[in-house]
Novice: 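Below you will find the structure I want to go over with you.
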Amino acid sequence: MSEDKIQEEIVKYILYKYPSTLMSATLGGIRCTYKQAVKAKRTGYKKGQPDLFIYEPRGIYNGLALEIKTNKGYATKEQKQWIKDLQDRGWKAEICKGISACIEVIDSYLNLKRIVD
């Protein structure tokens, strides 16, 4: 199964199980024209951004960011750096291989208690 199909299934899962969750996907992995790529870069797109962001604080974390990979896929240097940088800023950020790993991280994260200041 391709990364985009895995991500599609993950999004369906979140919408079904956690319908009020505030989340968004990036356009990483989407092929575009050269002009579109230049425009994306000018307007703030950064190489290596995680595929999926969940903007729900849980536990000690500000949110959850997932870099989605196939079971045989691997993260690029830029993707690994994004994960590290987000972790340094209080995010739960993971590289997940396959649907099962993604669902496990999402369920674990969204079942953490909210900490309210």
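The first residue in the sequence is number 1, and the count goes up from there.
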Novice: If Ile, Leu, Val, Met, Phe, Trp and Tyr residues are connected whenever their side-chain heavy atoms lie under 4.5 Å apart, and connections chain through other members, are Y16 and Y109 in the same group?
Specialist: no
Novice: Is there side-chain contact between W82 and K46, with at least one heavy-atom pair below 4.5 Å?
Specialist: yes
Novice: I want to check something: taking the side chain as every heavy atom from C-beta on, are T26 and P50 in contact at a cut-off of under 4.5 Å?
Specialist: no
Novice: Just verifying a value: how many Å separate I54 CD1 and S24 OG, rounded to the nearest 0.5 Å?
Specialist: 11.0 Å
Novice: Hey, mind stepping through L86 and F53 against side-chain contact (heavy atoms from CB on, under 4.5 Å) and telling me if it holds?
Specialist: CA-CA 11 Å; L86 285 164; F53 285 89; 4.0 Å; yes
Novice: May I ask whether M1 and V11 are part of the same hydrophobic cluster, defined by side-chain heavy atoms of I, L, V, M, F, W, Y residues being less than 4.5 angstrom apart, directly or through others?
Specialist: yes
Novice: For V105 and C96, which heavy atoms make the closest approach, and how far apart are they?
Specialist: CG2-SG, 3.7 Å
Novice: Find out whether L64 and L110 are in side-chain contact, i.e. whether some heavy atom of one side chain is under 4.5 Å from a heavy atom of the other.
Specialist: no
Novice: Counting only N and O atoms by type, is there a donor-acceptor contact under 3.5 Å from the side chain of E56 to the main-chain atoms of L22?
Specialist: yes
Novice: Quick check: do Y18 and I106 have side-chain heavy atoms less than 4.5 Å from each other?
Specialist: yes
Novice: Applying the 4.5 Å side-chain criterion to the ILVMFWY set and letting contacts propagate, would Y13 and L15 be lumped into a single cluster?
Specialist: yes
Novice: With rounding to the nearest 0.5 Å, note down the distance linking CG in D88 to CD in Q81.
Specialist: 8.5 Å
Novice: Establish whether I99 and Y74 are linked, either directly or via other cluster members, by ILVMFWY side-chain heavy-atom contacts under 4.5 Å.
Specialist: no
Novice: Would you say I68 and I83 are hydrophobically clustered, going by side-chain heavy atoms of ILVMFWY under 4.5 Å?
Specialist: no
Novice: Is K80 paired with E67 through a side-chain N to carboxylate O contact shorter than 4.0 Å?
Specialist: no
Novice: How many angstroms lie between atom NZ of K69 and atom CD of E94, to the nearest 0.5 angstrom?
Specialist: 14.5 Å
Novice: Might you work through the side-chain contact (heavy atoms from CB on, under 4.5 Å) test for K92 and L112, ending with a clear yes or no?
Specialist: CA-CA 12 Å; K92 172 89 170 152; L112 290 172; over 6 Å; no
Novice: Locate the shortest heavy-atom distance separating R114 from P57; write the atom from each residue and the value.
Specialist: CG-O, 3.7 Å
Novice: Nearest 0.5 Å, what's the CD1-NZ distance between I6 and K97?
Specialist: 10.5 Å
Novice: Looking at Y61, I'd like to know if its OH atom is crowded, meaning that more than 12 non-hydrogen atoms belonging to other residues, nucleotides or ligands lie closer than 6.0 Å.
Specialist: no
Novice: What verdict does the side-chain contact (heavy atoms from CB on, under 4.5 Å) test give for I10 and I103, after you've listed the backbone C-alpha separation in whole Å, the side-chain angles of each residue and the deciding distance to 0.1 Å?
Specialist: CA-CA 7 Å; I10 296 304; I103 287 175; 3.9 Å; yes
Novice: Indicate yes or no: at least one non-hydrogen side-chain atom of R58 is less than 4.5 angstrom from one of N111.
Specialist: no
Novice: If you count heavy atoms of other groups shown closer than 6.0 angstrom to CD of E8, is the number above 12?
Specialist: yes
